[in-house]
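Nothing here was measured: the structure is a model prediction, and the numbers come from that model. To find a chain, count down the sequence lines: A is the first, B the second, and so on, and within it residues start at 1.
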There are 2 protein chains.
Amino acid sequence: MKKARYHHGDLRAGLTEAARLLVEERGPERLTMSLASRAAGVSTAAPYRYFADRDELLNAVALEGMERQREALEAGGALHPLGSEAAVTAIGLAYVNFATRERGVFRLMFSLTRTHAQHPEMLQKGSDTFDVLLRNLAHRYALPMDDPAILARGLKLWTFVHGLSFLLIDDKVSAMSISLDLHDTLADAARRFLRDD
Amino acid sequence: MKKARYHHGDLRAGLTEAARLLVEERGPERLTMSLASRAAGVSTAAPYRYFADRDELLNAVALEGMERQREALEAGGALHPLGSEAAVTAIGLAYVNFATRERGVFRLMFSLTRTHAQHPEMLQKGSDTFDVLLRNLAHRYALPMDDPAILARGLKLWTFVHGLSFLLIDDKVSAMSISLDLHDTLADAARRFLRDD
DNA sequence: AACATATGTTAGAATTTCTAACATCCTTTT
DNA sequence: AAAAGGATGTTAGAAATTCTAACATATGTT
């Protein structure tokens, strides 16, 4: 039986985790400081010791999500030889799987409240995630990661998996009565975007 | 000089238009009934004669946006022969252009508040928009619009333009220091997804 | 042990959503 | 043309929310 403590222990982490669950459960728009506070077991004013406002709490959730997504992409890519079509497909699959598994957080990661764009940490983490794909492409074509040809091809692949993620979490695919094999779809896209003619 | 009227004339339309502008200006999340009311020149309670709640006002803005987007796609496609690669490219270009020209409304159209999914009018309008593309594909391959092969190819093309739209409005493309020619990018995608080998 | 700092609470102002009760205008029926 | 009745708008206010200010309690440093 725990003693009721005045201090929480690690309230920043507690709030971030509570917020993550709420974002997932009810969507980013419906997260309130009140709900997060209650879930973390503190008063509604307590969060303001750690987060300037609601947006900053959401930012923390988004940042943590970006880290986990990058890890997922790396784990997916590592299953296949660096630069192989299979690796690119696996990275795409990991991307889409993350999006559908964590709809709320994924949507939050891409629902820019003017802050995001300038937020250096967010730019960095976004870049880190993209790099997982770029590393494979750079190796495949024996070019530096920042080569325009690599960036252009990387962007096309990202564009596809990103678009598919959104159409899936918005239920557009099922709404259009389309049944799809996710792996096939991604493998096909990888093949089409990796060929040189 | 206008007489100050008690009745607005067409408050539903006035509010929808005011809301559209505000959504564009400040983003969907920051639209408040108060702001829309003031912009339309009525009290804050007036909107509730026409919209059950804030979500319904946003829905109206989204629906109107979907209609305009479909019109834009049709206008783009009509510039080229039905079923041609150029028509598909032009439709994609119109899609992305709409998204970047009306970031706020576009984002709103795809930020599903559980209502969207079941909302029959929204399903219909979404389907109408997709059909602009499907008509071209069906003609190109001489198959019915609901043929699985047509749907699958249509989804891939949609996926690409949809993903590109989001990456652009979220400033991810510039954040990754990628410069891109929009038409080239879309023409390339159309070519890759329309080929049969 | 006392002070300083970190961390949490309570109280409350400002804003927002939405409802209820009331006011005004318009249309239709006689 | 007058009155009834419905449609459309207003004012007032309850409940919820964000965020701040002032206060309280714990922690750890000298």
Engineer: Write down the distance between CD (A/E56) and P (D/dT20), rounded to a whole number of angstrom.
Structural biologist: 11 Å
Engineer: I'd like to know if A/R192 and A/D188 make a salt bridge, using a cut-off of under 4.0 Å between side-chain N and carboxylate O.
Structural biologist: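 Looking at A/D188 together with A/R192, the answer is yes, because their closest N to O distance falls below 4.0 Å.
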Engineer: Could you pull out every donor-acceptor pair under 3.5 Å between side chains of residues 75-91 of chain B and any protein atom, sequence neighbours left out?
Structural biologist:
| residue | atom | partner | partner atom | Å |
| --- | --- | --- | --- | --- |
| B/S84 | OG | B/P81 | O | 2.7 |
| B/S84 | OG | B/A87 | N | 3.0 |
| B/T89 | OG1 | B/E85 | O | 2.9 |

Engineer: Just say parallel, tilted or perpendicular for the rings of A/F98 and A/F106, cut-offs at 30° and 60°.
Structural biologist: perpendicular
Engineer: Could you tell me the separation between the CG atom of A/L11 and the P atom of D/dA26, rounded to a whole number of Å?
Structural biologist: 16 Å
Engineer: Considering residues, nucleotides and ligands other than A/R195, do more than 12 of their heavy atoms fall under 6.0 Å from its CZ?
Structural biologist: yes
Engineer: Rounded to whole angstrom units, what separation is found between the CZ atom of B/R12 and the P atom of D/dT8?
Structural biologist: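 Rounded to the whole Å, the gap is 11 Å.
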Engineer: Under 6.0 Å from the ring centre and within 45 degrees of the ring axis: does the NZ or CZ of B/R107 meet both conditions for the six-membered ring of B/F166?
Structural biologist: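 Checked: cation-pi criterion not met.
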Engineer: Look at A/R68 together with A/E64 and state whether they make a salt bridge at an N to O cut-off of under 4.0 Å.
Structural biologist: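 Looking at A/E64 together with A/R68, the answer is yes, because their closest N to O distance falls below 4.0 Å.
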Engineer: Distances under 3.5 Å only, N/O to N/O: pair up the protein atoms with those of nucleotides 12-18 of chain C.
Structural biologist:
| residue | atom | partner | partner atom | Å |
| --- | --- | --- | --- | --- |
| C/dT17 | OP1 | B/M33 | N | 3.0 |
| C/dT17 | OP2 | B/M33 | N | 3.3 |
| C/dT17 | OP2 | B/S34 | N | 3.4 |
| C/dT17 | OP2 | B/S34 | OG | 3.3 |
| C/dC18 | OP2 | B/Y48 | OH | 3.3 |
| C/dC18 | OP2 | B/R54 | N | 2.9 |

Engineer: Roughly how many Å is it from CG in A/L58 to P in D/dC19, rounded to a whole number?
Structural biologist: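 Those two atoms, CG and P, are 10 Å apart.
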Engineer: Output the rounded distance in Å from OH (B/Y50) to P (D/dT10).
Structural biologist: 10 Å
